[in-house]
Amino acid sequence: MTQPGRRPHRPSRPQRAHPPKRPDTPARPPSDDPARRAALDTLRAVRHDDAYANLVLPKMLRDRRITGRDAALATELTYGTSRALGLLDEILTECCDRPLAKVEPVLLDALRLGAYQLLRTRIPSHAAVASTVDLVRNELGSRVTGFANAVLRKVAELDEPGWLDRIAPDATTDPVGNLAVRTAHPRWVARAFADALGSTGEELADALRADDERPAVHLVARPGEVSADELAAMTGGDPAPYSPYGVRLEAGAGDPGDLEPIRERMAGVQDEGSQLCAVALTRPEVEGADTRWLDLCAGPGGKAALLGALVGINGGTLDAVEQAPHRAKLVEQITKGLPVTVHVGDGREPGLSGTFDRVLVDAPCTGLGALRRRPEARWRRRPEDVGDLTKLQRELLLSALDLVRPGGVVAYVVCSPHLAETEGVLADVIRKTGVTVLDARESFPEMPGLGDGPYVQLWPHRHGTDAMFCALLRK
Ligand SMILES: C[S@@+](CC[C@H](N)C(=O)[O-])C[C@H]1O[C@@H](n2cnc3c(N)ncnc32)[C@H](O)[C@@H]1O
């Protein structure tokens, strides 16, 4: 996100050193702008408590009985501001007379909200500025309203394309930096996408832009309970293009939890890419027994539920290991009634006896493949996270290769296209073990855009799924 020669910029969260500011005026007056108030309070929770906007905001809207147009506005402002955070900060930096790190955190939240309205909504400039100044006054009193007003008036001097022309690096000499700024992504994320795609041009732009799109809801039909066609008919959705168990709902189809097949546990909500990676583990032939399967990183259990149902059809069982006890509970809930045994433990040393015919390693990862699901996620992850994660990923994959029997299959899956987490982990493990690599594309039949293999990298802009990565190995 930084021009060559400019001070590297990092969005200034989290700022845990500063407790959230309380008004320095008498009690906060009742808000007559519930949408912006909810947006500001959610941004504060995301910054201060490391909360997730898409969990905090819906609850806040319910608790405060905010509905209709106000709820829609609060959602647009909160998610939009969260996604564009680093870009908004770059622009605010140009408009502030002090570093953003020196701006009171809640004031900065409000400025971000105001800048977002000015640059990315049709709200008239005067309304965007005035409503933000009102929020600031309610929150902090009158002492900083002049500052807020001055900063936002400077932001309003240009529209978004104007600001982008001013702050984005040159597209010819720095295409990745240019697209990072233009699509409001941290540079390291744009670089990771570019490396995985082998593109610094149109396709990279498509991949980055896809992170701003609201993903369609995908359902998974539980094998043995209902078929995808039946589920589609029951829910008004369409059978998914690639997963034999998938159904895609129309955007804005409402809360899937209200659907009868979900309530009756005949189906679940699961991205089609996740379904495909779980199913891919089951596709390569294995000689001999094929009834003992293992999921080494199972929480919250979406893939365990699908694999448990599939192995159960042939009288087999699935062991599901999860390190976090609360997530292991979720696996227990979602796999109730299936031949699944849940173990709380470390997948690197799960203490299980015997060997397994098929093992899934759906490893903890940066989640760069699912940025569209979490508005703030692109700014929360740090490049430094990658090193720790790849170490854990390698160890988990080595453990899986210990636990699988000779001739058995291991699927290594991450929800990230970052090459260090995908090809890098595999290169290391293959060098250490000499394990055989299968062409995973054969386990994603009739899917376009899978590249040269042997691994599979899915993409939102190509497949409408999360950017899941899948490698298949045979011991
Ligand atoms: C990507 S998620 C798995 C998603 C899951 N397979 C599903 O489809 O719902 C990775 C999981 O691994 C768990 N985990 C992290 N470190 C682990 C370890 N050392 N052993 C086992 N599980 C671990 C995390 O708590 C997280 O629940």
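For reference, positions follow the sequence shown, starting with 1. Note that ligands are numbered from 1 as they come in the structure, with each ligand's atoms numbered from 1 the same way.
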**OP:** Examine the proximity of ligand 1 to Leu360 and report which part, side chain or backbone, both or neither, has a heavy atom under 4.0 Å away.
**Re:** neither

Original post:
What protein heavy atom sits nearest atom 20 (N) of ligand 1, and how far off is it?
Top reply: Gly347 N, 2.8 Å

Subject >> Heavy atom of Pro350, distance to ligand 1 below 4.0 Å >> reply: no

**OP:** Give the residue and atom name of whichever protein heavy atom lies nearest to atom 14 (N) of ligand 1, and the separation in Å to one decimal.
**Re:** Pro364 CG, 3.9 Å

Original post:
Nearest to atom 12 (O) of ligand 1, what protein heavy atom do you find, and at what distance?
Top reply: Cys297 CB, 3.4 Å

Subject >> Contact partition for Ala298 relative to ligand 1, non-hydrogen atoms under 4.0 Å >> reply: backbone

Original post:
Salt bridge check: are Arg83 and Asp211 linked by an N-O gap of less than 4.0 Å?
Top reply: no

Original post:
Does any donor atom in the side chain of Ser399 or Glu349 lie under 3.5 Å from an acceptor atom in the other side chain?
Top reply: no

Original post:
Could you go step by step and tell me if Met468 and Leu276 meet the side chain to side chain contact (heavy atoms under 4.5 Å, CB included) rule?
Top reply: CA-CA 9 Å; Met468 306 290 300; Leu276 289 165; over 6 Å; no

**OP:** Would you mind finding which of Ile334, Leu392, Asp362 brings a heavy atom closest to atom 1 (C) of ligand 1?
**Re:** Asp362

Subject >> Nearest protein heavy atom with distance in Å, relative to atom 13 (C) of ligand 1 >> reply: Glu322 OE1, 3.3 Å

**OP:** Using a strict cut-off of less than 4.0 Å between a Lys/Arg side-chain nitrogen and an Asp/Glu carboxylate oxygen, indicate whether Arg348 and Asp402 qualify as a salt bridge.
**Re:** no

**OP:** Would you please indicate if the ring centroids of Phe193 and Trp188 are separated by under 6.0 Å?
**Re:** no

**OP:** Provide, to 0.1 Å, the distance between atom 4 (C) of ligand 1 and the closest protein heavy atom, together with that atom's residue and name.
**Re:** Gly299 O, 3.0 Å

Original post:
Is Arg222 close enough and on-axis enough to Tyr245, meaning under 6.0 Å and within 45°, for cation-pi?
Top reply: no

Subject >> For atom 16 (N) of ligand 1, the option (of Lys303, Glu349, Gln323, Arg348) bearing the nearest heavy atom >> reply: Gln323

Original post:
With a 4.0 Å cut-off on heavy atoms, does Leu296 reach ligand 1?
Top reply: yes

Original post:
So does Arg372 pair up with Asp271, basic N to acidic O under 4.0 Å?
Top reply: yes

**OP:** Under 4.0 Å from a heavy atom of Asp346: give me the atoms of ligand 1 that qualify, with their elements.
**Re:** 18 (C), 19 (N), 20 (N)

Subject >> Arg474 side chain vs Gly408 backbone, donor-acceptor pair below 3.5 Å >> reply: no

Original post:
Applying a 4.0 Å heavy-atom criterion (strictly less than), which segment of Ala363 is in contact with ligand 1: side chain, backbone, both, or neither?
Top reply: backbone

Subject >> Residue-ligand contact Gly301/ligand 1, heavy atom below 4.0 Å >> reply: yes

Subject >> ligand 1 versus Arg327: contacting region, heavy-atom distance under 4.0 Å >> reply: side chain

Subject >> Phe469/Tyr455 aromatic ring centres below 6.0 Å >> reply: yes

Original post:
Quick one: which ligand 1 atoms are inside 4.0 Å of a heavy atom on Gly345?
Top reply: 20 (N), 21 (C)

Original post:
Of all the non-hydrogen atoms in the protein, which one sits nearest to atom 7 (C) of ligand 1, and at what distance?
Top reply: Gly302 N, 3.6 Å

Subject >> Per-atom contacts, ligand 1 versus Pro300 - under 4.0 Å to a heavy atom >> reply: 9 (O)

Original post:
When you check the side-chain N and O atoms of Glu421 and Thr390, is any donor under 3.5 Å from an acceptor?
Top reply: no

Original post:
Is any side-chain heavy atom of Asp385 closer than 4.5 Å to a side-chain heavy atom of Leu389?
Top reply: yes

